[in-house]
Amino acid sequence: MIFDVIMAFTATFMLAVIFNVNRRELIFCGFAGAAAEGVYQAVSYASDGIPLPALVSAAAVTVIARSLANLRKSPVTVYLVPGIIPLVPGAGMYNTVFSMISADYAEALEIGIDTLKCAAAIAVGIVLVFALPNRLFLKRRK
Amino acid sequence: MELEKLLDFSAAVGKGLLENGAETSRVEDTLTRIIRHFYRGHSEIFVVMTGFFVNIGTYTTTVRVRNRTINLDKVSKINMLSRDIVDGKISFNEAAERFGEIKGQPPYPLWIKTAAVAVCCSFFTLLGSGNLSDSLNSFIVGAVLNVLIWFMRKKHTADFIITFTGGAMIAVLTVLLYAAGLGININAMITGSIMPLVPGLGITNALRDIIAGDYLSGGARMFDAIVVAAALAAGAGAVMYMIGYMSGGKLL
């Protein structure tokens, strides 16, 4: 699991480069991605089912992104966009379409619904944290 | 304060934000603040995903945004600029000058981005149960992928085509390298390599716009993200199916 978190850190760091994030913020984007993967694995170890880990880790990334945004005075998007990508069900998307093309509709439906559940859980996780007032998050001392 | 100048400046700032991947509510908010700071009279701004109208006093302009890329550093810097304007730290001329600098600032060079995409692909392959030779395969695929995307962007190809071709190219190259003896787990390699093309910004901005109550842009962005995701998966899936069919089910 520690190995996975380190890989998520590096992958997110590189994603931030792809999105042209400023040099000084790259490492923080990496932390957001590492936290996403770490929380996801910890929660999926403790519970079964797909939506819960995705929901909790998406919420965790959003909390981190909002705190970082306040501390470093950058838009939340800078940290949230790369940070959320390790959670996006890319494999699910591909496997859904692939089974659909191979006319394996039962499989496509099963994977497809799991993928949708995961995507919806990420969305709900982000929305929940965005609904909170800004004063709850870390702030730079004046 | 000359209204025409202010109108030109706010149109340029809005375009800069929208082109580089800012959410609609941010564009609207930034423009409103800048204009209110310099002009007390009536002003109105209406922003959607693909363009916006600005109205200051009796002057109105329409800006159409066609090429959208992702440059979060520019979004962040324009955001900072607007804060400084509202706090009264800089004058209009200074702001215009600083905006010019931000606009002309180059993105990361191609070779750095190519390396980033390559490393990103190979690490996502490792995360998705690939082994070292799988990740080496994805590394090469990622490097070629970025050059292909860069080339198509330069030719102003539509986003849908870029993603679809990207997905298809990932599948073709992965299988070619697999046939040459690099990598074992085709599924892990492909799902790892498509990760840099996944619409993360689309999803995030769609949600932010929907939360801000901007359903028109939020809905459009959500649809955009779904189309991109479908194009990506369809590109890779269609090629893999054809290869599987031609090889008589031996691959996969």
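Numbers restart at 1 for each chain; the letters A, B, ... are given by sequence-line order, proteins then strands. Worth knowing before you read on, the calculation uses all heavy atoms, side chains too, and leaves out hydrogens, waters and symmetry mates.
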field: Residue part contacting chain A, namely of B:N71, when any heavy atom lies under 4.5 Å
entry: both
A:I122 vs B:L207 side-chain heavy atoms within contact, under 4.5 Å: no
message: I'd like to know whether CD of A:E110 has more than 12 heavy-atom contacts from other residues, nucleotides or ligands below 6.0 angstrom.
response: no
- request: Show your working on side chain to side chain contact (heavy atoms under 4.5 Å, CB included) between B:L127 and A:D4 and close with a plain yes or no.
  value: CA-CA 6 Å; B:L127 263 178; A:D4 280 355; 3.9 Å; yes
message: Test side chain to side chain contact (heavy atoms under 4.5 Å, CB included) on A:V127 and B:I211; report intermediate values, then the result.
response: CA-CA 7 Å; A:V127 170; B:I211 297 162; 3.9 Å; yes
field: Which atoms of B:A118 approach chain A - backbone, side chain, both or neither, heavy atom under 4.5 Å
entry: neither
field: Contact class of B:N20 relative to chain A, heavy atoms under 4.5 angstrom
entry: neither
task: Against chain A, work out which of B:I210, B:I190, B:N146, B:T114 has the most heavy-atom pairs shorter than 4.5 Å and name it.
output: B:I190
message: Between A:G92, A:A119, A:A91, A:G90, who has the most heavy-atom pairs with chain B when the cutoff is under 4.5 Å?
response: A:A91
- prompt: Which atoms form the tightest heavy-atom contact between A:V97 and B:A234, and what is the distance?
  reply: CG1-CA, 3.6 Å
- prompt: Does B:K113 reach the side chain of A:F19, with side-chain heavy atoms less than 4.5 Å apart?
  reply: no
query: OG/A:S74 to CE/B:M80 distance, rounded to the nearest 0.5 angstrom?
result: 6.5 Å
- request: Taking all non-hydrogen atoms of both residues into account, name the closest pair between A:F98 and B:G237 and its distance.
  value: CD1-O, 3.7 Å
- request: Of all the heavy-atom pairs spanning A:V78 and B:S76, show the shortest one and how long it is.
  value: CG2-CB, 4.2 Å
field: Flag if over 12 foreign heavy atoms under 6.0 Å of CZ, B:R68
entry: yes
- request: Can you tell which part of A:E37 gets under 4.5 Å to a heavy atom of chain B, answering side chain, backbone, both or neither?
  value: side chain
query: About how many Å separate OG1 of B:T204 and CZ of A:F130, when rounded to the nearest 0.5 Å?
result: 8.0 Å
message: So for B:L197, is it side chain, backbone, both, or neither that comes closer than 4.5 Å to the heavy atoms of chain A?
response: neither
message: Let me confirm one number: the CD1-CD1 distance from B:I112 to A:I18, rounded to the nearest 0.5 Å.
response: 12.5 Å
- line: The interface call for A:I84 against chain B, heavy-atom contacts under 4.5 Å, is side chain
Side-chain donor or acceptor of A:N20 paired with backbone N/O of B:I70 under 3.5 Å: yes
message: I'd like to check B:I194 versus A:Y94 (side-chain heavy atoms, cut-off strictly below 4.5 Å). Are they in contact?
response: yes
statement: Heavy-atom closest pair (A:T77 atom, B:R208 atom, distance to 0.1 Å) is OG1-NH1, 4.0 Å
- prompt: When only pairs under 4.5 Å are counted, which of B:A206, B:P199, B:A22, B:A233 shares the most heavy-atom pairs with chain A?
  reply: B:A233
- prompt: Do you know which of B:R26, B:R83, B:E23, B:K74 has the most heavy-atom pairs under 4.5 Å to chain A?
  reply: B:R26
Considering all heavy atoms, the nearest A:V17-B:Y108 contact: O-CD1, 3.4 Å
task: Report the C-alpha separation of B:D73 and A:V21 in whole Å, then their side-chain angles, then the decisive distance to 0.1 Å, and conclude whether the side chain to side chain contact (heavy atoms under 4.5 Å, CB included) test is met.
output: CA-CA 5 Å; B:D73 189 30; A:V21 172; 5.8 Å; no
query: Can you check whether B:F124 reaches A:L15 side chain to side chain, under 4.5 Å on heavy atoms?
result: yes
Closest contact, heavy atoms only, B:M195 versus A:I85: CE-O, 3.3 Å
field: Separation between CD1 of A:I101 and OH of B:Y241, rounded to the nearest 0.5 Å
entry: 9.0 Å
field: Worked verdict on B:K77 versus A:N22 for side chain to side chain contact (heavy atoms under 4.5 Å, CB included)
entry: CA-CA 9 Å; B:K77 280 189 174 147; A:N22 191 295; 3.8 Å; yes
query: Checking heavy atoms, do the side chain of B:L201, its backbone, both or neither come under 4.5 Å from chain A?
result: both
- prompt: Between A:M14 and B:V117, is any pair of side-chain heavy atoms under 4.5 Å apart?
  reply: no
